Amino acid sequence: MRILSGIQPSGSLHLGNYFGMMRPALQLQDQGEALYFIADYHALTTTRHADILRKNIREVALDFLAAGLDPKKTIFFRQSEIPAIGELSWILATLAPMGLLERCHSYKDKIAKGLPSSLGLFSYPVLMAADILAYESDLVPVGKDQKQHVEVARDLAVKMNEAYGPLFKLPEPSICEEVASIPGLDGAKMSKSYGNTIGLFLDESALRQQVMSIKTDSSSLESPKSTENSVILELYAHVASPADYQTMKERFQSGGVGYGTFKKELFEAIWNYFLPMRERRSQLLNNLDYVESTLAQGAERANAIAHALLEKVRSAVGLR
Ligand code: ADP
Ligand code: TRP
């Protein structure tokens, strides 16, 4: 089984990215042949500063390796090192119905948030379909908001197969439902664009500050606290043991403990959960040559797969 996923290098990663996409993807490393990449072509749809993009690519590479991506098991690379993706994206675009792309939420959301529209932003799902189909992926672990894009990839694969014969495997999205949406500081979905994130590798005081700024209701210290839709409890569930989570839940219900105390405990739990990864990240930061060579070796292996598939496609459509 081949497993593929990508993440945009568009800033520091947050707990939503980690629990929604990275951790499930990393857990799948042992289930088949995994290919994980840094979607830097996609990031060009929203980033206009070369130095920032370069920095973000490095950061996300460090984050992924620190979080447990094992280059011995997984092919890890930069999307832009694979020339076949651009060509395949064009070939898929010639078959992609406008209506299908017009229905994509992510494009509509980005425009609604004031991003300038561009052909690149509009055809983002076609480029993503090229990523998915180029490696004949079976399973695509992504957060819930990317599910529609995997369905577009499936639709385009079906269209190509109908037009040119069996060329592409049909991919399946793999969404871990229990972490489908990690809430942010204000209770809405955690997202860079809502400014409500908790960073993955913050230093101690910045992390403490973010956790302490989680919005809570105005219940008094004595009164029982609602366990429904509590950001503190939802985040705690991911970083604490089931027993500690249960204890916190009971203390919410019994009252007599203020939100400040719960936030401090949440901060400690997040800090400890990511401690080994933080240490690995600082070792990697002192060994950037290793990071670069890992990405270069990954690109070589990914290129071999994507190039072979592209040759098949070129020949099927009549370019060979
Ligand atoms: P952001 O919303 O901060 O811009 P991205 O859209 O770059 O994040 O998401 C990168 C990956 O992380 C995607 O697979 C996405 O589904 C997942 N993800 C992002 N935020 C969350 C969240 N709050 N809960 C679960 N998964 C998330
Ligand atoms: N669009 C994805 C995101 O924003 C990143 C991505 C690009 C991707 N190509 C992909 C994810 C292919 C899975 C498969 O998170």
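In listed order, ligands and their atoms are each counted from 1. The shown structure was predicted, so the numbers you read here are calculated from the model rather than taken from an experiment. If you read the sequence from its start, that first residue is 1, and numbering goes on from there.
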**OP:** With heavy atoms of M190 as the reference, note each atom of ligand 1 found under 4.0 Å away.
**Re:**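 Near M190, the atoms of ligand 1 are 20 (N), 21 (C), 22 (C), 23 (N).
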
Original post:
Any idea which atoms of ligand 1 are less than 4.0 Å away from a heavy-atom of G20?
Top reply: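 Near G20, the atoms of ligand 1 are 25 (C), 26 (N).
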
Any atoms of ligand 2 less than 4.0 Å from a non-hydrogen atom of [X]? List them with their elements.
X: Y124; result: 1 (N), 2 (C), 3 (C), 4 (O)
X: S5; result: 13 (C)
X: D131; result: 7 (C), 9 (N), 10 (C), 12 (C)
X: V140; result: 13 (C), 14 (C)
X: Q8; result: 4 (O)
X: H42; result: 7 (C), 9 (N)
X: V142; result: 11 (C), 13 (C)
X: F37; result: 9 (N), 10 (C), 12 (C)

Is the closest N or O pair between [X] and ligand 1 shorter than 3.5 Å?
X: N17; answer: yes
X: I7; answer: no
X: H14; answer: yes
X: S193; answer: no
X: Q146; answer: no

Subject >> Aromatic ring proximity F274/Y18, centre distance under 6.0 Å >> reply: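 Centroid separation for F274 and Y18: below 6.0 Å.
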
Original post:
Centres of the F76 and Y36 rings: under 6.0 Å?
Top reply: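 Distance test on ring centres: not under 6.0 Å, no.
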
Original post:
Heavy atoms, side chains only, cut-off 4.5 Å: are V142 and S5 in contact?
Top reply: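 Side chain of V142 against side chain of S5, heavy atoms only: contact under 4.5 Å found.
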
Original post:
Do the side chains of V158 and F168 get nearer than 4.5 Å, heavy atoms only?
Top reply: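 F168 does not reach V158 side chain to side chain.
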
Original post:
Among S226, S219, S220, which residue meets the side-chain hydrogen bond (donor to acceptor under 3.5 Å, both in side chains) test with S223?
Top reply: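 Going through S226, S219, S220 one by one, the side-chain hydrogen bond (donor to acceptor under 3.5 Å, both in side chains) with S223 is satisfied by S220 alone.
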
Is it true that atom [atom1] of [X] has more than 12 heavy atoms of other residues, nucleotides or ligands lying nearer than 6.0 Å?
X: K264; atom1: NZ; answer: no
X: K159; atom1: NZ; answer: no
X: E300; atom1: CD; answer: no

Original post:
Do any heavy atoms of S181 fall under 4.0 Å from ligand 1?
Top reply: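 Heavy atoms of S181 do come under 4.0 Å of ligand 1.
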
Original post:
Does K189 come within less than 4.0 angstrom of ligand 1, counting non-hydrogen atoms of the residue?
Top reply: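 Checking ligand 1 against K189, which is what was asked, there is a heavy-atom contact under 4.0 Å.
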
Does a salt bridge link [X] with [Y], judged by any charged N lying under 4.0 Å from a carboxylate O?
X: E33; Y: R301; result: no
X: E102; Y: K108; result: no
X: R314; Y: E311; result: yes
X: E204; Y: R208; result: yes

**OP:** Among all protein heavy atoms, pick the one closest to atom 13 (C) of ligand 2 and tell me residue, atom and distance.
**Re:**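 The closest heavy atom on the protein side is G6 N, 3.4 Å.
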
Original post:
What protein heavy atom sits nearest atom 2 (C) of ligand 2, and how far off is it?
Top reply: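 I find the closest protein heavy atom is Q146 OE1, 3.4 Å.
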
Original post:
Just heavy atoms, cut-off under 4.0 Å: does Q79 contact ligand 2 by side chain, backbone, both, or neither?
Top reply: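 The answer is neither; Q79 stays 4.0 Å or more away.
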
Original post:
Is it the side chain, the backbone, both or neither of I132 that has a heavy atom closer than 4.0 Å to ligand 2?
Top reply: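 Only the side chain of I132 comes within reach of ligand 2.
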
Original post:
Where's the contact between M21 and ligand 1, heavy-atom distance under 4.0 Å: side chain, backbone, both or neither?
Top reply: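 Near ligand 1, M21 shows its side chain, while the N, CA, C and O stay back.
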
**OP:** Given side chain to side chain donor-acceptor pair (under 3.5 Å), test S230 with K225 step by step and report yes or no.
**Re:** CA-CA 9 Å; S230 160; K225 318 273 176 296; over 6 Å; no

